[in-house]
**Student:** 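Handing you a structure now.
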Amino acid sequence: MMPMPIAAIQDILDGKYAGKPVSVRGWIYRKRESKKTIFLVVRDASGIIQCTVKTDNPSWTQAEKITIESSVMITGTVKQDKRASGGYEITVEKLSIIGLAETFPITQDKSEEFLRDVRHLWLRSRRMSLIMRVRSEVLRFTHEFFRKEGFIEVSPPMFISSACEGGSTLFGLKYFGKDLYLTQSAQLYLEALIYSLEKVYCVAPSFRAEKSRTIRHLTEYWHIEPEWAFADMDDLMRVEEDLLSYICQKTAEDCKREIESLGADISKLKVVNTPFPRITYTEAIEKLTAKGFKIKWGEDFGYDDEKALAEEFGKPFFVYAYPRQIKAFYCKTHRDNPDLVMSTDMLVPRIGEISTGGAREDDKEELLRRIRELDLREEDYKWYIDLRRYGTVPHVGFGLGLERLLTWMLDLENIIDAIPFPRTTRRFYP
RNA sequence: GCCGCCGUAGCUCAGCUAGGUAGAGCGGCUGGCUGUUAACCAGUUGGUCGUAGGUUCAAGUCCUACCGGCGGCGCCA
């Protein structure tokens with residue numbers, strides 16, 4: 001017998017093999033038995049299809065002993081049949097068990113807690129595989145966008161020797177007896193790279209030791225970070241909104257089937273067009289005060305403040321020009337108003353902040369003043385200060401949380417589903 | 001860091017208010033069933049009630065501590 005090419009189940013469901021012999025391989029998704037027929041629903045990466053085995057078939061004994069999640073290779077004939085849920089089924093001629101599964105622990109009535117315990121198995125679910133497909137596409141669109149705009153992809157270090165922002169949220173580790181940390185942003189390293197490459201970006205993990213117990217925090221998340229030279233705040237917000245609308249438009253177009261299967265609202269992606277609404281921090285405070293919020297100028301927004309602002313816009317928007325005292329040392333001060341720094345957050349409904357960016361302080365003396373003002377140790381930032389010493393240049397950059405973006409795009413209830421193996425304060429297994 | 005909730009069979013839960021010696025559904029197993037759609041029907045299997053103390057004649061139930069988990073705030077992307 002000639003070896004038969006392996007068919008993707010989705011192609012069979014699309015009618016490409018009607019009446020023809022095929023082979024499929026995959027895993028047993030459901031098994032239903034009656035006296036004369038065994039129905040095996042088989043899942044591969046592309047879809048699921050029902051296969052039927054009759055008593056007179058030599059594979060009957062194999063079919064009888066097969067279990068849910070066993071891996072199989074099936075050869076048979078495709079039959080159009082209204083009784084099969086996809087419209088097509090395979091009449092089995094040969095069933096080979098590749099790996100017989102023990103009783104699969106995931107059945108019905110699954111609790112969140114249990115599914116997190118068996119995450120390595122739950123990833124097989126239709127829901128998780130749909131999310132992972134969209135995640136992959138969003139990453140592809142991100143790379144496409146930056147390449148198109150002339151950015152060079154670079155690889156920052158994960159081990160770092162000094163604090164980038166506040167030291168309290170860094171994970172420490174022993175490095176041949178020395179104290180090191182896991183990076184919480186590639187920004188400072190990207191800044192060093194713009195002096196040769198001008199426009200750079202990376203997609204890399206960031207680690208944060210924040211003891212946050214919310215549906216929008218991970219201790220390990222993937223950070224999309226560009227940084228580029230000869231640019232100002234206007235350039236920054238323009239590139240950022242272009243990226244977001246590119247990702248949203250392309251995803252709405254190319255992942256329609258996945259988004260619909262996930263039950264997410266595709267229309268909110270389609271309305272993400274440039275330019276985005278932009279308001280200053282001061283305007284945001286005025287809006288909130290008018291709504292009766294207690295926040296005062298100079299205080300940072302709480303989650304409720306962000307939510308109230310985001311609901312008003314109903315789509316991504318920028319808040320910019322923040323008070324100096326609530327932003328990091330590297331933020332560039334407005335030359336005409338030293339109380340303000342050139343920093344911007346992008347906010348979306350329900351999630352709040354998904355990105356922070358801004359112009360970086362490019363004047364050595366101003367930077368040193370800020371380092372002293374915040375009681376940071378100058379020696380920790382020696383190489384960073386050096387960058388202002390040799391051909392300093394106005395530059396900007398931002399960091400976008402990939403999982404927060406996906407949580408918003410796909411209406412996920414919890415950020416943990418935006419990454420296959422989530423790490424949170426209390427969970428790091430599997 | 002602060003606050004709230006949860007922990008009983010492989011899984012989902014009831015039992016706790018009012019202390020009296022462990023229940024159901026799903027799964028597994030066995031049998032039945034003329035094509036099922038999370039199949040159905042019958043039977044059966046299955047438990048140191050998170051851990052350790054305490055109160056009591058008696059604790060899954062009341063009390064204390066601890067452990068594990070989930071969420072809210074703060075912080076952040």
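Note that the structure is predicted; figures quoted are calculated from it, not measured. Naming convention: chains lettered A, B, ... in sequence-line order (proteins, then strands); numbering from 1 in each chain.
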**Student:** Check the pair A:Arg124, A:Glu69 against salt bridge (charged side-chain N to carboxylate O under 4.0 Å, His left out), reporting the backbone distance first and the verdict last.
**Tutor:** CA-CA 9 Å; A:Arg124 300 180 186 193; A:Glu69 285 303 315; 2.8 Å; yes
**Student:** I'd like to compare against my own output: the B/S/- annotation of nucleotides 23-36 of chain B with a strict under-4.0 Å heavy-atom distance to protein.
**Tutor:** --BSSS----BSBB
**Student:** Round to a whole Å and report the spacing from CZ of A:Phe293 to P of B:C73.
**Tutor:**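 About 13 Å, once rounded to whole Å.
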**Student:** What's the gap between B:A65 and B:C76 when it is taken at their C1' atoms, as a whole Å value?
**Tutor:** 34 Å
**Student:** Which value, in whole Å, describes the distance between the P atoms of nucleotides B:U21 and B:C67?
**Tutor:**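 Each nucleotide's P atom is 34 Å from the other's.
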**Student:** Check whether the ring centres of A:Tyr281 and A:Tyr322 lie less than 6.0 Å apart, and answer yes or no.
**Tutor:** yes
**Student:** What about A:Arg404: does its side chain form a donor-acceptor pair under 3.5 Å with the base of B:C76?
**Tutor:**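 Answer is yes: a donor-acceptor pair is held.
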**Student:** Are any of A:Arg427's side-chain N or O atoms less than 4.0 Å away from OP1 or OP2 of B:C70?
**Tutor:**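 Answer yes for this pair, as a side-chain N or O of A:Arg427 is under 4.0 Å from OP1 or OP2.
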**Student:** Measure from CZ on A:Phe114 to C1' on B:G10 and round the result to the nearest Å.
**Tutor:** 7 Å
**Student:** Using the P atoms only, state how far B:G23 lies from B:U45, rounded to an integer number of Å.
**Tutor:** 13 Å
**Student:** Select base, sugar-phosphate, or nothing to describe what A:Ile215 touches, counting heavy atoms under 4.0 Å on all strands.
**Tutor:** sugar-phosphate
**Student:** Between A:Ser355 and B:A77, does any side-chain N or O lie under 4.0 Å from OP1 or OP2?
**Tutor:**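 For B:A77, neither OP1 nor OP2 has a side-chain N or O of A:Ser355 closer than 4.0 Å.
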**Student:** Given the structure, check if the side chain of A:Arg213 and the base of B:G72 hold any donor-acceptor pair shorter than 3.5 Å.
**Tutor:**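 Per atom types, no contact qualifies.
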**Student:** Check the distance between B:A77's P and A:Leu402's CG and give it to me in whole angstrom.
**Tutor:** 15 Å
**Student:** Give a yes or no on whether the ring-centroid distance for A:Tyr381 and A:Phe329 is below 6.0 angstrom.
**Tutor:**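 So the answer is yes for these two rings.
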**Student:** Rounding to an integer number of angstrom, what distance separates B:G53 and B:U61 when you compare their P atoms?
**Tutor:** 14 Å
**Student:** Pick the C1' atom in B:U51 and in B:A59, then give their distance to the nearest Å.
**Tutor:** 16 Å
**Student:** So does A:Arg216 get a side-chain nitrogen or oxygen closer than 4.0 Å to the phosphate oxygens (OP1/OP2) of B:G71?
**Tutor:**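 For B:G71, neither OP1 nor OP2 has a side-chain N or O of A:Arg216 closer than 4.0 Å.
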**Student:** Please name the residue in the list A:Met158, A:His223, A:Glu220 that meets the side chain to side chain contact (heavy atoms under 4.5 Å, CB included) test with A:Ser206.
**Tutor:** A:His223
**Student:** Below 4.0 angstrom from OP1 or OP2 of B:G71, is there any side-chain N or O of A:Asn414?
**Tutor:** yes
**Student:** Between B:G71 and B:C29, how far apart are the P atoms? Round to whole Å, please.
**Tutor:** 34 Å
**Student:** In whole angstrom, what separates A:Glu299's CD from B:G74's P?
**Tutor:** 12 Å
**Student:** What I'd like to find out is whether the side chain of A:Arg360 reaches to under 4.5 Å of the side chain of A:Gln187, using heavy atoms alone.
**Tutor:**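 When only atoms from C-beta onward are counted, A:Gln187 and A:Arg360 do touch, with a gap below 4.5 Å.
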**Student:** Check the geometry between A:Tyr221 and B:A77 and answer yes if their rings are stacked (centres below 5.5 Å, planes below 30°), otherwise no.
**Tutor:** yes
**Student:** Please state how far atom CZ in A:Phe428 lies from atom P in B:G68, giving the value in whole angstrom units.
**Tutor:** 9 Å
**Student:** Would you state whether a donor and an acceptor, one from the side chain of A:Ser212 and one from the base of B:C75, lie under 3.5 Å apart?
**Tutor:** yes
**Student:** Regarding A:Gly302, tell me which of base, sugar-phosphate or nothing describes its non-hydrogen contacts under 4.0 Å with the strands shown.
**Tutor:** sugar-phosphate
**Student:** Rounded off to whole Å, could you give me the CG-to-C1' distance for the A:Leu115 and B:C70 pair?
**Tutor:** 13 Å
**Student:** Test A:Trp297 against every option in A:Asp339, A:Thr282, A:Thr289 by the side chain to side chain donor-acceptor pair (under 3.5 Å) rule and name the one that passes.
**Tutor:**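 The side chain to side chain donor-acceptor pair (under 3.5 Å) with A:Trp297 is passed solely by A:Thr282 among A:Asp339, A:Thr282, A:Thr289.
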**Student:** Sticking with atom C1', work out how far B:G27 lies from B:A38, rounded to a whole angstrom.
**Tutor:**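 My reading of the C1' atoms in B:G27 and B:A38 gives 12 Å.
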**Student:** Would you tell me if any nitrogen or oxygen in the side chain of A:Arg208 comes within less than 4.0 Å of OP1 or OP2 on B:C75?
**Tutor:**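 Indeed not, no polar side-chain atom of A:Arg208 lies that close.
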**Student:** Remember a base hit wins even if backbone is also touched, and classify A:Asp300 as base, sugar-phosphate or nothing at under 4.0 Å, heavy atoms.
**Tutor:**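 Result for A:Asp300 = sugar-phosphate.
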**Student:** Please tell me which of A:Lys31 and A:Glu306 maps to the more 5' nucleotide of RNA chain B, matching each residue to the nucleotide holding its nearest heavy atom.
**Tutor:** A:Lys31
**Student:** Could you tell me how far B:C5 sits from B:A18 if I compare only their C1' atoms? Round to whole Å.
**Tutor:**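 It works out to 24 Å between them.
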